[in-house]
A.B. asks: 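The following block contains the structure, expressed as structure tokens.
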Amino acid sequence: MSLQGKRIVVGLGGGIAAFKAVQLVRELMRRGAEVRVVMTEAATHFVGPITFAGLTGKPAVTNLWAENYAGEVHVELGEWADAVVIAPATMNLMARATSGQANDVVLATLACARGDVFFAPSMHHRMWAHPATQSNIRTLTDRGAVVLGPVTGALANGEIGEGRMMEPDDIADEVESHLAHADDLSGSRVLITAGPTHEDLDPVRFLGNRSSGRMGYAIASQALRRGAEVTIVSGPVHLPVPSGAEVVRVRSAQEMHAAVMSRFDRCDVLIMAAAVADYRPEQREAQKIKKGGSLKLELVRNPDILADVGAKRSQRPSVLVGFALETENLEQAARDKLERKAADLIVANEASAALGGDTNRATLVEAASTTPLPEMTKRALANQILDRVRTLLTNPSQRPRREAKQEAPN
Ligand code: C5P
């Protein structure tokens with residue numbers, strides 16, 4: 001059982017999905033975890049503490065003044081737990097957690113949590129879509145919490161919408177995979193490129209693409225969580241920097257090339273998630289281009305960063321990962337890239353699934369295998385990629401010994 005030896009606090013907010021927390025507690029225990037339960041006063045209106053006491057063999061704590069605890073129960077539980085899982089996480093509970101309130105046992109335990117923190121939101125779809133909730137979610141995520149769901153489905157009043165709590169089995173899966181990887185990349189230096197590049201035409205205009213940078217930033221934050229030392233070479237994006245990462249900001253492919261080439265020999269893993277422009281305007285006009293008749297642009301090739309690193313791969317890094325975004329013949333194109341750029345792994349995504357959103361569908365292409373993955377969050381995909389990186393790092397025999405073919409310069 002893969003949660004064997006893990007200590008988990010399940011915290012309940014007052015929502016109708018509280019009854020599913022019973023199943024969650026059972027599932028976590030079935031996988032080997034030791035579980036304690038804390039509840040807000042509101043949660044006790046939906047499900048009784050005696051149920052949890054019966055399941056866990058320990059009293060469920062419903063207030064900070066619990067008489068059967070001698071010390072400070074929130075401090076003890078916060079210190080004890082490898083993970084605190086709030087399910088259901090109501091709009092109100094997350095708002096209070098965001099503002100740092102600690103006036104009940106669930107919030108006070110969260111405030112003292114030493115381990116990982118998870119929220120499984122559950123609420124009406126309009127409460128979920130409310131700007132206050134969305135802004136609170138961003139803040140909690142930026143502080144390192146993991147938000148699981150909600151999913152789209154039947155809500156308490158029979159409406160269908162986004163706001164239904166993730167199913168207990170799925171929550172347990174996520175918590176398990178999260179705790180399983182703790183620190184498995186510690187000691188590794190990971191360099192990640194992310195986002196688009198902007199190729200200037202004049203002082204105000206550029207050629208760009210629709211990459212949001214989310215995939216690269218998700219890999220960065222998961223690598224950090226798994227103990228790696230992380231540097232992001234980032235094109236222009238609007239994303240918060242994962243705490244603990246070093247960020248080198250660049251605009252153009254040439255700047256990204258210089259930033260990567262001056263750093264790659266100090267890293268163990270290079271993950272090129274950036275959507276680097278293949279072409280740039282031959283000339284950057286010093287003044288804003290005036291409108292006139294038709295305008296012809298002359299474009300020249302940018303350096304291929306991944307191929308240039310691939311050509312020097314004997315100097316490090318040990319593991320080289322590229323991305324392939326295509327609108328057709330995805331797998332063949334990925335396999336060509338693997339060969340041409342001397343990469344160990346190409347993450348192939350369809351353009352329709354990858355750009356901008358929070359989810360992605362990808363196929364992992366390696367010299368000896370092709371692994372199609374189902375659609376999943378960029379965070380989950382980041383962990384799948386890092387699982388492969390970890391295997392390649394520890395098994396050099398799975399990495400090719402070849403070098404990239406240098407393309408003819410333009
Ligand atoms: O050849 P293509 O652009 O499709 O290859 C995609 C992969 O190569 C991505 O990992 C991307 O970051 C990288 N790349 C690069 N330099 C370029 C173009 C793409 O490193 N100029």
Side-chain angles (χ1 to χ4, degrees), residues 1-13 15 17-40 43-44 46-62 64 66 68-69 71-90 93-94 97 102 104-122 140-141 143-150 165-184 222 225-226 379-380 383:
M1 279 178 295
S2 38
L3 282 172
Q4 196 67 48
K6 298 293 182 202
R7 301 189 289 201
I8 300 178
V9 168
V10 173
L12 282 79
F19 77 92
K20 289 206 250 174
V22 176
Q23 190 61 37
L24 175 63
V25 168
R26 283 199 55 164
E27 187 54 31
L28 294 170
M29 292 179 70
R30 194 186 67 73
R31 296 177 189 217
E34 196 182 331
V35 179
R36 303 275 178 82
V37 174
V38 293
M39 307 170 71
T40 61
T44 65
F46 291 90
V47 57
I50 304 291
T51 306
F52 293 111
L55 282 174
T56 63
K58 300 272 184 203
V61 187
T62 57
L64 282 168
N68 36 9
Y69 275 90
E72 292 184 299
V73 63
H74 55 294
V75 179
E76 279 173 28
L77 288 176
E79 177 59 35
W80 174 82
D82 297 307
V84 178
V85 184
I86 306 298
T90 58
L93 195 150
M94 288 190 293
D104 67 31
V105 68
V106 176
L107 289 165
T109 304
L110 269 178
C112 290
R114 165 191 63 76
D116 293 325
V117 171
F118 301 82
F119 290 92
S122 168
L140 293 170
T141 311
R143 289 181 195 155
V146 179
V147 177
L148 304 173
M165 190 169 93
M166 221 185 219
E167 293 306 315
D169 273 8
D170 297 334
I171 297 175
D173 282 352
E174 293 271 0
V175 172
E176 186 182 317
S177 94
H178 216 84
L179 294 185
H181 304 129
D183 281 344
D184 66 349
Q222 294 311 306
R225 184 181 64 71
R226 293 169 69 156
R379 176 168 47 81
N383 279 310

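Please read these numbers as outputs of a predicted model, since none were measured by experiment. As a basis for the values below, the full set of heavy atoms in this structure was taken, side chains included, without hydrogen atoms, waters or symmetry mates.
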A.B. asks: Can you tell me how far NZ of Lys20 sits from CD of Glu27, rounded to the nearest 0.5 angstrom?
C.D. replies: 13.5 Å
A.B. asks: Would you please name every residue forming a side chain to side chain donor-acceptor pair (under 3.5 Å) with Asp173, sequence neighbours left out?
C.D. replies: Arg31
A.B. asks: If I compare all heavy atoms of Trp80 with all of Arg114, which pair ends up nearest, and what's the gap?
C.D. replies: O-NH2, 3.5 Å
A.B. asks: Looking only at non-hydrogen atoms, find the nearest pair between Ala53 and Pro59 and report the distance.
C.D. replies: CB-CA, 4.2 Å
A.B. asks: Once you round to the nearest 0.5 Å, how far does CG of Leu24 lie from CD of Glu167?
C.D. replies: 11.0 Å
A.B. asks: Can you tell me how far CG of Asp116 sits from CG of Asp82, rounded to the nearest 0.5 angstrom?
C.D. replies: 8.5 Å
A.B. asks: Which atom pairs, one a donor and one an acceptor, fall under 3.5 Å between side chains of residues 104-113 and the rest of the protein, sequence neighbours left out?
C.D. replies:
unit_1, atom_1, unit_2, atom_2, d
Asp104, OD1, Val106, N, 3.0
Asp104, OD1, Leu107, N, 2.9
Asp104, OD2, Arg96, NH1, 3.1
Asp104, OD2, Arg96, NH2, 2.8
Thr109, OG1, Val105, O, 2.6

A.B. asks: So, does Arg226 use its side chain to make a donor-acceptor pair with the main chain of Asn383 at under 3.5 Å?
C.D. replies: yes
A.B. asks: Taking the side chain as every heavy atom from C-beta outward, state whether Phe52 and Val35 have any atom pair closer than 4.5 Å.
C.D. replies: no
A.B. asks: How close do Ala87 and Met165 get, heavy atom to heavy atom, and via which atoms?
C.D. replies: CB-SD, 3.9 Å
A.B. asks: Would you mind checking if Arg225 and Asp183 are paired as a salt bridge, meaning a charged N to carboxylate O distance below 4.0 Å?
C.D. replies: no
A.B. asks: Got Val61 and His74 here, is their nearest side-chain heavy-atom distance under 4.5 Å?
C.D. replies: no
A.B. asks: Are any of the side-chain nitrogens in Glu174 or Arg379 under 4.0 Å away from the carboxylate oxygens of its partner?
C.D. replies: yes
A.B. asks: Could you report the tightest heavy-atom contact between Gly13 and Ala43, atom names first, then the distance?
C.D. replies: O-CB, 3.4 Å
A.B. asks: Can you tell me how far the CG atom of Leu12 sits from the CZ atom of Phe19, to the nearest 0.5 Å?
C.D. replies: 12.0 Å
A.B. asks: Just by distance, with hydrogens left out, do Arg26 and Gln23 show a side-chain donor and acceptor under 3.5 Å apart?
C.D. replies: no
A.B. asks: Please enumerate all residues that pass ring-ring contact (aromatic ring centres under 6.0 Å, His included) together with Phe118, with sequence neighbours excluded.
C.D. replies: His178
A.B. asks: To check you understand the geometry: which heavy-atom pair defines the closest contact between Met166 and Gly149, and what is its length?
C.D. replies: CE-N, 3.8 Å
A.B. asks: Considering non-hydrogen atoms only, spot the tightest contact between Ala17 and Ser122 and give its length.
C.D. replies: CB-OG, 3.4 Å
A.B. asks: Check whether any side-chain heavy atom of Leu28 sits under 4.5 Å from a side-chain heavy atom of Leu3, and report yes or no.
C.D. replies: yes
